[in-house]
Amino acid sequence: MQVLVSEVRGDQVPVSAVVGPMQFDVVSACMDGEFTAPVRLEMLPYHLARGTDAAGAEALNRSRLSRARL
């Protein structure tokens, strides 16, 4: 799992990036069991997260189908 932060959503609403749906259940159980922290999961329209460089981010941001951040 990785925690992603969006300029749009801000630091107070992190995005959990996982490989499969079961990992969301594991994260929720750990947050509740170990930290007694409630978790609210919302599906986002993203299907892929990947690293890029400045030139790649610029090209991706020109597309209306993607959003890139370095």
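Since we're looking at a predicted model, the values are computed, not measured. As a basis for the values below, the full set of heavy atoms in this structure was taken, side chains included, without hydrogen atoms, waters or symmetry mates.
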TODO: Over all heavy atoms of both residues, which pair between Ala17 and Leu4 is shortest? Give the atoms and the distance, please.
DONE: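 Heavy atoms of Ala17 and Leu4 come nearest at CB-CD1, 3.8 Å.
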Task: Pairs involving residues 13-37, ordered by first then second residue, that meet side chain to side chain donor-acceptor pair (under 3.5 Å) (sequence neighbours left out) - done: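 Passing the test, one end in residues 13-37: no pairs.
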TODO: With sequence neighbours left out, write down each residue that passes salt bridge (charged side-chain N to carboxylate O under 4.0 Å, His left out) with Glu42, or none if nothing qualifies.
DONE: Arg40
TODO: Check which hydrophobic residues are tied to Met31 through side-chain heavy-atom contacts below 4.5 Å, counting indirect links as well, and list them.
DONE: Met1, Val3, Val18, Phe24, Val27, Phe35, Val39, Leu41
